[in-house]
There are 2 protein chains.
Amino acid sequence: MPDVRRPNLASNITADDVAEAIGVSRWTVNRAFKKDASISPKTRSKVMEAANKLGYVPDLRAAALASDRSNLVALLVDDFANPHKLVMMERLTRILRKHGWDTLLVNTLDRADAGHAILNASQRRVDAAILIGIQFDDEVLETALHARRFHKLIIFARTSRHPNTISIAVDDASAMQEITGYVAEHGYRRPLFLAGPRTYSAHLLRKETFLGCWEARFGTIPESAEVPAYDPILAEQVVTRVLTGRPRAEMPDILVCENDALAIGAIDVIRHKLGLRIPEDIAVTGFDDVPQCQSPNYALTTYRQPLTEMAEYLVDVLESSEDRDFDRAFKGKLIARTSA
Amino acid sequence: MPDVRRPNLASNITADDVAEAIGVSRWTVNRAFKKDASISPKTRSKVMEAANKLGYVPDLRAAALASDRSNLVALLVDDFANPHKLVMMERLTRILRKHGWDTLLVNTLDRADAGHAILNASQRRVDAAILIGIQFDDEVLETALHARRFHKLIIFARTSRHPNTISIAVDDASAMQEITGYVAEHGYRRPLFLAGPRTYSAHLLRKETFLGCWEARFGTIPESAEVPAYDPILAEQVVTRVLTGRPRAEMPDILVCENDALAIGAIDVIRHKLGLRIPEDIAVTGFDDVPQCQSPNYALTTYRQPLTEMAEYLVDVLESSEDRDFDRAFKGKLIARTSA
DNA sequence: TATATTTTTGCACCCGTGTGCAAAATCACA
DNA sequence: TGTGATTTTGCACACGGGTGCAAAAATATA
């Protein structure tokens with residue numbers, strides 16, 4: 001077969017080709033594609049027209065290589081069982097793309113793999129790494145910060161106090177205070193706190209705040225249970241184990257869950273395995289306001305994080321060249337439904 | 001402030017630095033990082049040691065630029081309301097990464113944006129684009145194939161007959177035949193098919209197969225309804241509209257849903273708005289086997305796609321340099337639970 | 001030890017674009 | 001029309017590594 005190139009592959013049209021076609025230099029062509037570049041409108045439109053005709057688009061690899069700015073971020077996720085991750089990924093990719101940023105999705109398989117995942121991302125020379133998983137403990141963060149060339153390491157939707165890290169999250173303390181208030185004022189008196197895995201300091205924040213607030217109000221420390229991952233299926237197992245066979249008098253009257261993933265599993269068990277009603281027998285609260293919360297089946301009272309606002313702030317952080325403390329905690333909103 | 005470079009940024013260690021440190025040429029250093037390269041074991045380990053000490057890792061941008069192979073794929077998604085997308089993203093990113101491929105996650109905001117999204121990906125010179133959305137109609141595919149430089153355009157988990165496209169999907173026809181058989185043999189006689197949006201030819205496949213099979217068996221064409229997106233919330237609305245106020249005799253005895261997202265919405269409505277029991281009053285089947293299907297609340301009878309196998313095949317396709325017909329349909333598995 | 005064979009290493013050139021500056025072109029105004 | 005101010009354009013050099021081949025080194029063979 002002769003050396004025929006399929007025209008729709010258009011594999012090697014560069015700025016030079018466009019430049020030659022209209023008799024300008026390559027640099028002029030690239031300028032036409034650059035916002036705020038010093039180029040006359042006439043030339044620009046001439047370039048764009050030719051580029052369009054030839055099917056030219058600038059090569060972002062080469063641009064990144066030459067400028068040391070890729071407009072690419074790595075999004076590291078390790079917790080796909082939590083439906084809230086889907087919401088976060090949607091929101092982040094949408095807003096990032098709106099501002100010209102692309103997203104490398106890295107599935108951190110497990111704790112041991114986190115280092116590799118980060119290394120992997122660093123080889124693509126991303127401008128920043130955004131962590132929305134749970135298994136990133138201090139050790140992993142150190143690895144990331146140590147040898148690698150991330151300009152910015154951002155912990156999104158989780159509070160982190162790590163000094164070289166940027167934390168963009170909801171204000172857990174005030175959120176849990178609000179939830180505690182809601183629970184107390186609605187007459188619940190025997191709460192059980194359903195916590196997620198204790199892999200990272202930040203996670204204790206919600207639990208501790210709740211227990212602390214409750215103690216301050218009533219002088220007793222509520223019971224709590226721990227689920228090894230933010231996975232409704234695992235939450236089912238834990239709740240089953242903790243509540244099955246309890247005398248009615250010792251049953252909690254409300255399950256305060258660290259997030260919706262746990263709350264959803266809890267509701268399923270309470271209703272279908274324990275045969276109890278929600279909220280009459282046991283009420284439930286969550287955190288995140290995942291789409292399922294709206295389902296009449298769950299109608300989950302929960303706390304919504306201002307994800308869009310947080311993502312917009314993230315973009316500001318990415319585009320800022322200052323070197324200040326970017327940590328920020330946002331206020332969310334308690335969404336009262338019928339589960340509590 | 002003097003020009004002090006933070007050591008942990010390690011921003012410009014190149015193969016040259018490593019080469020100089022141990023007295024070899026740059027090319028030897030890069031060879032050490034390349035599998036199957038012709039290099040002596042001694043030299044390689046010397047290089048690796050030095051690289052490790054200096055914190056050097058090859059720059060994949062430069063490698064991609066020079067070799068015209070990026071080991072990067074774009075994953076285009078537009079349908080984040082469907083929980084199955086989360087499963088697919090997890091599986092794909094996991095398996096791709098296992099084989100050394102990175103994933104660019106592109107959120108195709110809406111139909112009109114699909115073209116931009118594809119252009120965007122092409123500018124990163126990805127080796128292939130993988131579509132797991134629904135809004136990619138023939139027009140969009142043409143755009144993608146036309147001016148852009150994708151080596152491969154893959155439609156994943158959906159059948160496509162587009163000639164320049166690679167379709168890796170489950171065999172919809174045989175799957176729906178199996179479901180039809182299950183439904184018929186379990187005594188259901190008044191099915192209603194709940195379909196998704198009619199944006200793309202492939203989507204009619206499941207519906208048409210079901211209606212066709214049913215007609216062949218019983219001589220009647222079942223009723224059907226259409227939901228404008230694979231979103232449980234929208235499915236709730238449609239099912240409510242279609243079933244509310246119907247005399248009992250005209251109620252379907254089973255809802256055969258095009259996928260789980262629709263089935264889940266349907267179950268919620270049937271139970272909580274219509275006050276009927278599942279499966280006694282109305283049974284439900286889905287498609288995909290999302291994690292929620294296991295919940296005792298849904299216990300959804302559904303059809304599981306062999307996602308891992310499909311993803312592994314995808315990698316084979318990516319790594320193949322032949323130019324043959326890669327389309328392939330996989331057999332999945334009917335998962336019987338108590339919803340039907 | 002000399003020669004043939006194989007393995008290992010070095011190198012010229014290329015991938016496609018950004019940066020800062022100097023040259024050229026255009027414009028403003030007397 | 002001439003001069004200076006301003007905009008627009010061109011260019012040398014850089015970004016970091018891949019490719020194929022030739023030179024050099026190591027090994028095998030006689």
Side-chain angles (χ1 to χ4, degrees), chain A residues 9-48 50-51 54-72 100 122-127 149 151 321, chain B residues 9-47 50-51 54-72 122-127 149 151 321:
Chain A
L9 266 182
S11 41
N12 24 14
I13 293 162
T14 77
D16 282 308
D17 300 327
V18 180
E20 197 179 359
I22 57 175
V24 298
S25 72
R26 169 173 80 69
W27 294 273
T28 302
V29 172
N30 286 94
R31 268 197 202 91
F33 280 87
K34 195 176 171 191
K35 208 150 175 68
D36 307 323
S38 140
I39 187 174
S40 77
K42 277 194 299 272
T43 315
R44 171 169 270 153
S45 63
K46 205 166 56 172
V47 168
M48 293 312 246
L54 296 175
Y56 167 77
V57 282
D59 185 328
L60 260 35
R61 294 172 308 187
L65 182 59
S67 70
D68 211 38
R69 183 156 196 274
S70 59
N71 267 48
L72 182 67
S122 83
Q123 287 194 262
R124 297 265 174 207
R125 302 296 189 261
V126 296
D127 289 335
R149 52 188 90 190
H151 299 167
S321 53
Chain B
L9 265 183
S11 40
N12 23 14
I13 293 162
T14 77
D16 280 308
D17 300 326
V18 180
E20 196 178 0
I22 58 175
V24 298
S25 72
R26 168 173 83 68
W27 295 273
T28 303
V29 173
N30 284 40
R31 268 199 201 90
F33 280 88
K34 194 176 172 189
K35 207 151 175 70
D36 308 322
S38 139
I39 186 173
S40 78
K42 278 194 298 271
T43 316
R44 171 170 269 156
S45 63
K46 207 167 53 171
V47 169
L54 296 175
Y56 168 77
V57 283
D59 183 329
L60 261 37
R61 291 172 309 185
L65 183 58
S67 71
D68 211 40
R69 182 153 196 274
S70 60
N71 267 52
L72 182 67
S122 82
Q123 288 194 263
R124 298 266 174 208
R125 301 300 188 259
V126 296
D127 289 335
R149 51 189 88 190
H151 299 165
S321 53

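The structure presented is a predicted model; accordingly, all values stated were derived computationally and were not measured. Side chains are part of it too, since the values below use all heavy atoms of this structure and drop only hydrogens, waters and symmetry mates. Below, read A as the first sequence line, B as the second, and so on, with proteins coming before strands; counting in each chain starts at 1.
Each of dT8(D), dT9(C), dT17(C) was ranked by its minimum atom distance to the side chain of Thr28(B); first place goes to dT9(C). With dG16(D), dT9(D), dT19(C) as the choices, the nucleotide that has an atom nearest any side-chain atom of Asp59(B) turns out to be dG16(D). Counting only heavy atoms from C-beta on, Leu65(B) has its side chain closest to dG16(D) among dT9(D), dG16(D), dT8(D).
Distances shown here put every side-chain N or O of Ser67(A) at or beyond 4.0 Å from the OP1 or OP2 atom of dG18(C). The phosphate of dG10(C) (OP1 or OP2) has a side-chain N or O of Ser25(B) nearer than 4.0 angstrom. Taking only side-chain nitrogens and oxygens, Lys34(A) comes nearer than 4.0 Å to OP1 or OP2 of dT19(C). For the OP1/OP2 pair of dT9(C) and a distance below 4.0 Å, the side-chain nitrogens and oxygens of Ser40(B) include at least one atom meeting the criterion.
Under the 4.5 Å side-chain criterion, counting only non-hydrogen atoms from C-beta, Val29(A) is not in contact with Glu20(A). For the pair Leu65(A)/Asp59(B), a side-chain contact is recorded, criterion being any heavy-atom separation below 4.5 Å from C-beta on. Counting only heavy atoms from C-beta outward, the side chains of Arg125(B) and Val57(A) approach each other to under 4.5 Å.
At least one donor-acceptor pair closer than 3.5 Å links the side chain of Asp17(B) to the backbone N or O of Thr14(B).
We find that Arg61(B) and Asp68(A) are joined by a salt bridge, their nearest charged nitrogen and carboxylate oxygen being less than 4.0 Å apart.
If you check distances only, the side chain of Arg31(B) never reaches the base of dG17(D) with a donor-acceptor pair under 3.5 Å. One N or O donor and one acceptor, one from the side chain of Trp27(B) and one from the base of dT19(D), sit under 3.5 Å apart.
Protein atom CZ of Arg61(A) is 22 Å distant from nucleotide atom P of dA14(D), rounded to whole Å. For the pair Leu60(A) CG and dG18(C) C1', the interatomic distance rounds to 12 Å; values are reported in whole Å. Atoms CG (Asn30(A)) and P (dC11(D)) sit 14 Å apart, rounded to a whole Å. Between Arg69(B) atom CZ and dC14(C) atom P there is a gap of 24 Å when expressed in whole angstrom units. One interatomic measurement links the two molecules: CD of Gln123(A) to P of dC15(D), which rounds to 20 Å at whole-angstrom precision. The nearest whole Å value for the distance from the OH atom in Tyr56(A) to the P atom in dG16(C) is 10 Å. Across the protein-nucleic acid pair, Asp36(B) atom CG and dT7(C) atom P stand 14 Å apart, rounded to whole Å. Counting to the nearest Å, the C1' atom of dG18(D) and the NZ atom of Lys35(B) are 19 Å from each other.
Mapping Ala66(B) and Ile39(A) onto DNA chain D by nearest heavy atom places Ile39(A) closer to the 5' end of the strand.
Among the heavy atoms of the strands lying under 4.0 Å from Ser38(B) is at least one base atom, whether or not backbone atoms are also near. Within 4.0 Å (heavy atoms only), Arg26(B) reaches at least one base atom of the nucleic acid.
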